[in-house]
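A note on names: the letters A, B, ... follow the listed sequences, proteins ahead of strands, and every chain is numbered from 1.
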Number of protein chains: 2
Amino acid sequence: MARATIYSIAERCGVSAATVSRVFNRPELVRESVRERVLRVAAELDYQPSSAARGLVTGRVGLVALLVPDITNPFFPLLVRSVQRTAERAGTSLMLIDAEESAAAEIRLVTKLRGRVDGVIVASPRASAAALREAARGLPCVLVNRTLRELSSVICDNTAALFDAGEHLYELGHRDFALLSGPNASWAAGRRSKAVRRWARGRGVRLAELGPFRSSFKGGRQAGAAFLATDTTAAFAFDDLMACGVIAELAENGVSVPGERSIVGCDDVLLAQTVTPSLSTVTAPLDDLGRTAVEVLIRQIEAPDAEPVAKVLPGVFTRRASTGPLTGAQASA
Amino acid sequence: MARATIYSIAERCGVSAATVSRVFNRPELVRESVRERVLRVAAELDYQPSSAARGLVTGRVGLVALLVPDITNPFFPLLVRSVQRTAERAGTSLMLIDAEESAAAEIRLVTKLRGRVDGVIVASPRASAAALREAARGLPCVLVNRTLRELSSVICDNTAALFDAGEHLYELGHRDFALLSGPNASWAAGRRSKAVRRWARGRGVRLAELGPFRSSFKGGRQAGAAFLATDTTAAFAFDDLMACGVIAELAENGVSVPGERSIVGCDDVLLAQTVTPSLSTVTAPLDDLGRTAVEVLIRQIEAPDAEPVAKVLPGVFTRRASTGPLTGAQASA
DNA sequence: CTGAAAGCGCTAACAC
DNA sequence: GTGTTAGCGCTTTCAG
């Protein structure tokens, strides 16, 4: 048995295909009795509209893409969930694309998207501004955690929260800080580093800049080793994943957290709560981030010529167990 | 400027649309000089074929879906990556769907897929066999980590590896075991419990069955508390996530791992290596699992009437730091 | 309220 | 080798 179409339904109902189509698109235009009959037959036949046919005529395929640089990074699954939930509510599906950490792949993949999806959300892209702009030409696009003139974006601004983190550590007695910076290609890493630097300068404390390190557990181990090699007592890690690596490295060297050293992460991924000690970190509004990105994208799809918009959502400092008071022991270190 | 089509290209090249189409589908049928010219113009115009139009005529949309029960569970991102990589190599894109842990959503979402994708991979479904079979009717489908007559599947068999884990603990001196079982609705949980039971019976050791617990960090905390309430010394956790919760709960109660209690996880997600102590666990061949699932699905799409196949891939026990020798101290506990 | 008819962009016979 | 033609399943005027 071939798949049901509006024609097979129309035939069984003794109406025209146009009427069947209306039942699904403009039901208020169809007489109630007819509508019910059509719906019943459609259900019986397991009818599902062909997205290809519909897309061909409407110019919309009901699909948006979300491109992430690394799906195994715990930051993204939460974003994916929020994006997909919002998309589904808006009646569109989600095509997920993992660039496997390659900037070249990002560009290649975005380029192939034109004609296949209605729009794309590009999360934390590492590719160059020019390449990105070129790849997104003619395709509604919104960036997450990166800004670019001419493209819409929704970012999380952690500046204030990082200040709060700094103040928190300062109040605990810390005076010597380390900045464990993230990948150079990461826009977010640059922003975070800048915020920390600004805070340290304003506060008049010493800040040792270490790195860049990769945003991975391994990168965190290296960062931890570098941190240990300094006589600083508190570190700002680029993100939670890195912070976890730092904690593991310190643990292996018999350095207790927060007894001897304090550390704050960034993002507040699930991992931040499951690691021991749990991470003091900057909580990103992941749900909002994903939802807003989809909303902006859909607006963009509906009005392709509208001006790009740039949304900014603030992060919030969350205190947990990885930050603690400076004890006499290490002050003398 | 409207999007380029095979017609606009044909016009600019002074050939027919069919020729342009051939250049992309059967290039060997087109004279070299013409082909080059068409390709050049297509590139100039940023031409990307409309997947909707192509899908309408070929009946294939170049899209497969992967439905996961919970994208925030660290097991799935790795599977997603492997599936997406294999799919991309086969020239098809991936539509990701997160059921947010709801069996009802699984069914609803799979049902909506007919006509939108060429096939679907359903990972670790919790829905009932009947509902699943019904939802997948007329849609090429392969199950991951669950078997069902009439549907293809690829599963990871951990039986032998769990035996190895048991033997490993036995050799370390453990005689009293706990089984921290996973959700009742999880097919994998049932399989794993059965394997552990079989091993314990064969070995003639005591096995306290605790649970079921949820597959989450929190579920693990509860499991940890239950584990502590027994006088057993080694536990099989349903999966790594749960095992991490157990470790955290023990740590909070001042019970050292593996000093006083040993624990083994299952799956070997990234988390297993980053937790302290690192988890002894059963490593699932995630890459193979995803790759095989896609291969089976594609075969199914190409030959819809072929018999379903059931592939079995073995897990492997990996020893890390969460298992250790039984010390005198706790033998007397 | 409903039907007839055109056409979305592409592929696949079938001619030449 | 290349052009002509006929749809794929659906939406959308336009008539009635």
Salt bridge A:Glu28-A:Arg26, side-chain N to carboxylate O under 4.0 Å: yes
For B:Ser33 and for A:Thr58, locate the closest nucleotide of DNA chain D by heavy-atom distance; then report the residue assigned to the nucleotide nearer the 5' terminus. B:Ser33
Considering only heavy side-chain atoms of A:Pro49, the closest of D:dC10, C:dG9, C:dT11 is D:dC10
Which whole-number value in Å describes the distance from B:Arg116 CZ to D:dC10 C1'? 14 Å
Report the distance from atom CD of A:Glu32 to atom P of C:dT2, rounded to the nearest whole Å. 11 Å
Rounded distance in Å - CZ (A:Arg54) to C1' (C:dG9): 18 Å
Answer yes or no: does a side-chain N or O of B:Ser21 lie under 4.0 Å from OP1 or OP2 of C:dT11? yes
Distance, rounded to the nearest Å, where B:Leu56 contributes CG and D:dA6 contributes P: 17 Å
Base, sugar-phosphate alone, or nothing: which one does B:Tyr47 contact when heavy atoms must sit under 4.0 Å apart? sugar-phosphate
Of the nucleotides C:dC10, D:dG3, C:dT11, which has the atom closest to the B:Asn25 side chain? C:dT11
Separation of C:dG3 atom C1' from A:Ile6 atom CD1, nearest Å, is 12 Å
With side chains defined as the heavy atoms from C-beta onward, is the minimum distance between A:Arg81 and B:Glu100 less than 4.5 Å? yes
State which of C:dC10, D:dT4, D:dC10 makes the closest approach to the side chain of B:Val57. C:dC10
How close or far is atom P of D:dG3 from atom CG of B:Leu29, stated in whole angstroms? 13 Å
Measure the shortest side-chain to side-chain distance between B:Val64 and B:Val294 over non-hydrogen atoms and say whether it is less than 4.5 angstrom. no
Hey, does A:Leu94 have a side-chain heavy atom less than 4.5 Å from the side chain of A:Glu88? no
Whether B:Arg40 and B:Glu44 form a salt bridge (side-chain N of Lys/Arg under 4.0 Å from carboxylate O of Asp/Glu) is what I want to check. yes
How many whole angstroms separate atom CD of A:Gln48 from atom P of D:dC10? 11 Å
Closest to the A:Ala53 side chain: D:dC10, C:dC10, C:dT11? D:dC10
Which nucleotide sits closest to the side chain of A:Val15: C:dG3, D:dC8, D:dG3? C:dG3
When you measure from the side chain of A:Thr19, which nucleotide among C:dT2, D:dC10, D:dC8 comes out closest? C:dT2
Do B:Ser8 side-chain atoms and B:Ala4 backbone N/O form a donor-acceptor pair below 3.5 Å? no
Please determine if a side-chain N or O atom of B:Thr5 lies less than 4.0 Å away from the OP1 or OP2 oxygen of C:dG9. no
Separation of C:dG7 atom P from B:Tyr7 atom OH, nearest Å, is 12 Å
Picking from D:dG9, D:dG3, D:dT12, which would you name as closest to the side chain of A:Ala18? D:dT12
Ranking C:dT11, D:dT11, C:dT2 by distance to the side chain of A:Arg22, first place goes to C:dT2
Nucleotide nearest B:Arg31 when distance is taken to its side chain, options C:dT11, D:dG1, C:dG3: D:dG1
